[in-house]
Trainee: 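Below is the structure I would like to discuss, written out as structure tokens.
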Number of protein chains: 2
Amino acid sequence: MICDEGVMSERQSPGGQSLLFLTDEQLRKGIEAMFFAYRGFTADPDRILNKYGYGRAHHRALHFISRAPGTTVNNLLSILGVTKQSLNRVLRTLIEDELVESRVGTRDKRERHLFLTDAGTALEQELSDAQRERMRQAYREAGPEAVQGFRTVLEAMMDHDMQRHFTRMKDSGHD
Amino acid sequence: MICDEGVMSERQSPGGQSLLFLTDEQLRKGIEAMFFAYRGFTADPDRILNKYGYGRAHHRALHFISRAPGTTVNNLLSILGVTKQSLNRVLRTLIEDELVESRVGTRDKRERHLFLTDAGTALEQELSDAQRERMRQAYREAGPEAVQGFRTVLEAMMDHDMQRHFTRMKDSGHD
DNA sequence: TTGGAAAGTCAACAACACTGACATAAAATT
DNA sequence: AATTTTATGTCAGTGTTGTTGACTTTCCAA
């Protein structure tokens, strides 16, 4: 039996940078933690979405439109990382159901700017409330130092281009 | 513009437990970080799987069989949280392709115990190597304290029943 | 005015989840 | 011994979400 728990082994190099010695076993634990945690992370919204006949893709669209009102379809595409056909199917239903409004751009009339309607805002709130509550609970259990570390590791785990999207939104709340 | 970055606000209560004051904005950042990080987390294995004509579901099966050799179908079902029909589709192809071996139980002949073949072990290794490398890199960038916090928050974010699975595997490497 | 970018549409397809119904074998219970 | 429960597998159908490829419309810009 391999002992892999407890505090990470660590050594201070002469330059001051700390070196980590991580066993494959420790890394596997991290991988499984991500898998199980992500399931917990999406469980609550999934239940709500199911109630209304929507899926995770609808949630993601609502979230990022809520986050950056007036965002264009193209911008949303690059954030979500799916094809326009895939996003369009989702957006179409949201627009038909009057949760999202699509306004033709004033400067560039090819672009469509996306906004949540009152109904869209309401659903986004319901989803967001549930997910934030789970996050808040996890943060509370883990404590402030853990939260800091959590965010740091997650940012390092993103693809670089996604870090860009993430950072942009951190700075200004929209792009 | 809302300022939401920097260190978490925190206060020491008389009892010694620290209270967290988290804005909705801070929690949203955590939510988005999870979203983007999970994409990065699965990106490398997804590319490899695509090469062999497999999907994420195959990866999960290979991972947990590798993790707990001889596990039963039922046990795998409860870990993965999918229906038996869904798991069976995946297992069938893996067994046909001779990546997984299914042995009838000795004590209880209804049960099937699952094992990776040499080929299965090889693919699992290839997937695992890629994913561990991403994890290792993120850990390295974030530092040891961050890693500890990362794991703590993830565990708190899981559903309780999944925490059980996770803890079991932490203790013994299998169940 | 012509080229190309942005947006949308249609069709086909695949992965992966679901439900429901049913079959088989073996263990457990009555 | 008969019945029920458990474990597994299978068939058929459905839904969400992703993909490619082809095509059109709109409209900015060189």
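Note on naming: letters A, B, ... go to the chains in the order of the sequence lines (proteins, then strands), and numbering restarts at 1 for each one.
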Trainee: D/dT17 P sits how many Å from A/Arg60 CZ, rounded?
Mentor: 8 Å

Trainee: Salt-bridge test for A/Glu133 and A/Arg136: reply yes if a basic N is under 4.0 Å from a carboxylate O, no otherwise.
Mentor: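 Yes, this pair counts.
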
Trainee: Could you encode protein contacts along nucleotides 25-30 of chain D as a string, one character per nucleotide from 5' to 3', using B for base contact, S for sugar-phosphate-only contact and - for no contact, with a heavy-atom cut-off of under 4.0 Å?
Mentor: -BBS--

Trainee: Taking only residues two or more places apart in sequence or in another chain, which ones pass salt bridge (Lys or Arg N to Asp or Glu O under 4.0 Å) with B/Glu98?
Mentor: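 Salt bridge (Lys or Arg N to Asp or Glu O under 4.0 Å) check on B/Glu98 returns nothing, list empty.
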
Trainee: Between which nucleotides of DNA chain C, 5' to 3', does chain A make heavy-atom contacts below 4.0 Å?
Mentor: C/dG4 to C/dC10

Trainee: Output the rounded distance in Å from CG (B/Leu114) to C1' (D/dG9).
Mentor: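 For the pair B/Leu114 CG and D/dG9 C1', the rounded distance is 13 Å.
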
Trainee: Would you please name every residue forming a ring-ring contact (aromatic ring centres under 6.0 Å, His included) with B/Phe35, sequence neighbours left out?
Mentor: A/Phe64

Trainee: I want to confirm an ordering. Mapping B/His113 and A/Gly81 to their closest nucleotides on DNA chain D, which one lands closer to the 5' end?
Mentor: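 Per heavy-atom nearest nucleotide, the more 5' residue is B/His113.
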
Trainee: If you pin A/Tyr54 and B/Leu77 to their nearest nucleotides in DNA chain D, which one's is more 5'?
Mentor: B/Leu77

Trainee: In whole angstroms, how far is the P atom of D/dA7 from the CG atom of B/Asn75?
Mentor: 11 Å

Trainee: Are A/Glu155 and A/Arg164 within salt-bridge range, i.e. N to O under 4.0 Å?
Mentor: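 Result for this pair is no, no salt bridge flagged.
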
Trainee: What residues from residues 82-94 of chain A pass a heavy-atom cutoff of under 4.0 Å to DNA chain D?
Mentor: A/Val82, A/Thr83, A/Gln85, A/Ser86, A/Arg89

Trainee: What residues form a side-chain hydrogen bond (donor to acceptor under 3.5 Å, both in side chains) with A/Arg107, not counting sequence neighbours?
Mentor: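 Residues passing side-chain hydrogen bond (donor to acceptor under 3.5 Å, both in side chains) with A/Arg107: none at all.
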
Trainee: Under the side-chain contact (heavy atoms from CB on, under 4.5 Å) test, which residues partner B/Asn88, sequence neighbours left out?
Mentor: B/Arg92

Trainee: List for me each residue that meets side-chain contact (heavy atoms from CB on, under 4.5 Å) alongside B/Glu126, sequence neighbours excluded, and say none if there are none.
Mentor: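 Listed in chain order: B/Ile48, B/Lys51, B/Tyr52, B/Leu123.
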
Trainee: Return the set of residues passing side-chain contact (heavy atoms from CB on, under 4.5 Å) with B/Thr121 (not counting sequence neighbours), or none when no residue passes.
Mentor: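 In terms of side-chain contact (heavy atoms from CB on, under 4.5 Å), with neighbours along the sequence ignored, B/Thr121 is linked to B/Leu116.
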
Trainee: Find the distance B/Leu76:CG to D/dG9:P and express it as a whole number of Å.
Mentor: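 Computing the B/Leu76:CG to D/dG9:P distance gives 11 Å.
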
Trainee: Under the ring-ring contact (aromatic ring centres under 6.0 Å, His included) rule, collect the residues that match up with B/Tyr54, sequence neighbours excluded.
Mentor: B/His58

Trainee: Using side-chain hydrogen bond (donor to acceptor under 3.5 Å, both in side chains), reason through A/Thr71 and A/Asn75 one step at a time and then give a plain yes or no.
Mentor: CA-CA 6 Å; A/Thr71 187; A/Asn75 182 41; 2.7 Å; yes

Trainee: Which residues within residues 120-131 of chain A lie with some heavy atom under 4.0 Å of an atom in DNA chain D?
Mentor: none

Trainee: If you compare every side-chain N and O of A/His58 against the phosphate oxygens of D/dT16 (OP1, OP2), does one of them come in below 4.0 Å?
Mentor: no

Trainee: Taking only residues two or more places apart in sequence, or in another chain, which ones meet B/Asp46 in a side-chain contact (heavy atoms from CB on, under 4.5 Å)?
Mentor: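 side-chain contact (heavy atoms from CB on, under 4.5 Å) check on B/Asp46 returns B/Thr42, B/Leu49, B/Arg56.
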
Trainee: When you look at B/Glu32 and A/His63, which way does the side-chain hydrogen bond (donor to acceptor under 3.5 Å, both in side chains) test go after all the steps?
Mentor: CA-CA 9 Å; B/Glu32 283 171 13; A/His63 175 97; 2.7 Å; yes

Trainee: If you measure from the Lys or Arg side-chain nitrogens to the Asp or Glu carboxylate oxygens, is any gap between B/Arg132 and B/Glu124 under 4.0 Å?
Mentor: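 Salt bridge: no.
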
